[in-house]
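Heads up, the thing below is written out as structure tokens.
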Amino acid sequence: MDTFDSVKEEAVKAVEEAKDLSGLQEARITWLGKKGKIQGLMAEMKNLPKEEKPAFGQKVNGLKKTVSELIEERQKVLQAEALKQRLQSEKIDITLDGEKMERGTIHPLIMIQQELEDLFIGMGYKVAEGPEVEQDYYNFELANLPKDHPARDMQDTFYIDPSTLLRTHTTAIQMRELEKAHGQLPIKLICPGKVYRRDDDDATHSHQFMQCEGLVVGEHITLADLKGTLEFMANAMFGEGRKVRFRPSYFPFTEPSVEVDVSCPFCNGKGCSVCKGSGWIEILGAGMVHPHVLEMNGFDPKKCSGFAFGVGLERVAMLKYGIDDIRNFYTDDIRFLKNFDRFD
Ligand code: PHE
């Protein structure tokens, strides 16, 4: 009986003192397991007189029940504690600021390029590309600028070797496309891309800039087609109601050649500081493809004609977004670029 009482006492103490669920599980095994201490009491029975055995057996079973009830109760308490602890340790502080995802933006020049591409693809043009490291042949010769032609000075060139250069205009792409067409009509394309000239960089000059040139060759293509096309483009880029005007100019690859002005989108042609009071802003060079250029590229100028134009993308972007320094496009200042985040 002494053994019984001390086992009972110890068991109760062990259950009460179990600190956590795994400690409790240990106590369960120690006291209630098949080889546990309470089961061990049964072994004592054989030393008892026969008549005491049933009563002792009942007591042991009663003890089993009591201990397992105690364990169950203790388990509930410990489970509740464990849950509370977990909730506390996994607590999310919803008052903390979220981490802002930094997203890149489309460069304003690429935005203008994409706008022009959409516009001209909509009119059935294709978009052509070419190499930035170009042969003198495509950049100059085929564009009616033979060696020693004085007009080569118009475009100060970065030469890599005497016959290789950084293209000075995307007209080089036009020449490649004309040659590739083998006299096949019609041709209708735009060619956007980077170009390079030996300029000293300042607010309005950059040794690297972007152009988008257009070329159409077919039967009965006239200066009126060029004007209509450019007027359409000016309206799309600078808003409805733009007018264009042509002024005589000179390019070796076009004849006649024109300088093209757009009626000022800021004052609607009345005259303001942007257009310096004239009501017009010069935006591009254009003209009818020179018959000699057609000939050199395998087209018969008696059977076909064409127009070409070339616009500087920086100039368009500067006018459209009111940017006053061309260097902004090339200094990668995140504060500048953020202005063009279309999702902000
Ligand atoms: N290539 C000329 C330039 O870079 C622009 C131009 C293109 C002019 C096509 C006329 C025709 O200045």
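Whatever order the structure lists them in is the order used to number ligands and atoms, beginning at 1. Residue numbers count from 1 along this sequence.
Asp325 has a carboxylate O that lies under 4.0 Å from a charged side-chain N of Arg327, or vice versa, which qualifies the two as a salt bridge. With salt bridges taken as basic N to acidic carboxylate O contacts below 4.0 Å, one links Lys180 and Glu177. A salt bridge links Arg176 to Glu134: one of the charged nitrogens lies within less than 4.0 Å of a carboxylate oxygen.
With sequence neighbours excluded, no residue forms a side chain to side chain contact (heavy atoms under 4.5 Å, CB included) with Pro54. Residues that satisfy the side chain to side chain donor-acceptor pair (under 3.5 Å) test with Thr66, not counting sequence neighbours, are absent from this structure. Remark: His107 pairs with no residue by the side chain to side chain donor-acceptor pair (under 3.5 Å) rule, at least two apart or across chains.
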For ligand 1, output the ligand-protein N/O contacts shorter than 3.5 angstrom; if there are none, return none.
from, atom 1, to, atom 2, distance (Å)
ligand 1, 1 (N), His169, ND1, 3.2
ligand 1, 1 (N), Thr171, OG1, 2.9
ligand 1, 1 (N), Glu213, OE2, 2.9
ligand 1, 4 (O), Arg197, NH2, 2.8
ligand 1, 4 (O), Gln211, NE2, 2.7

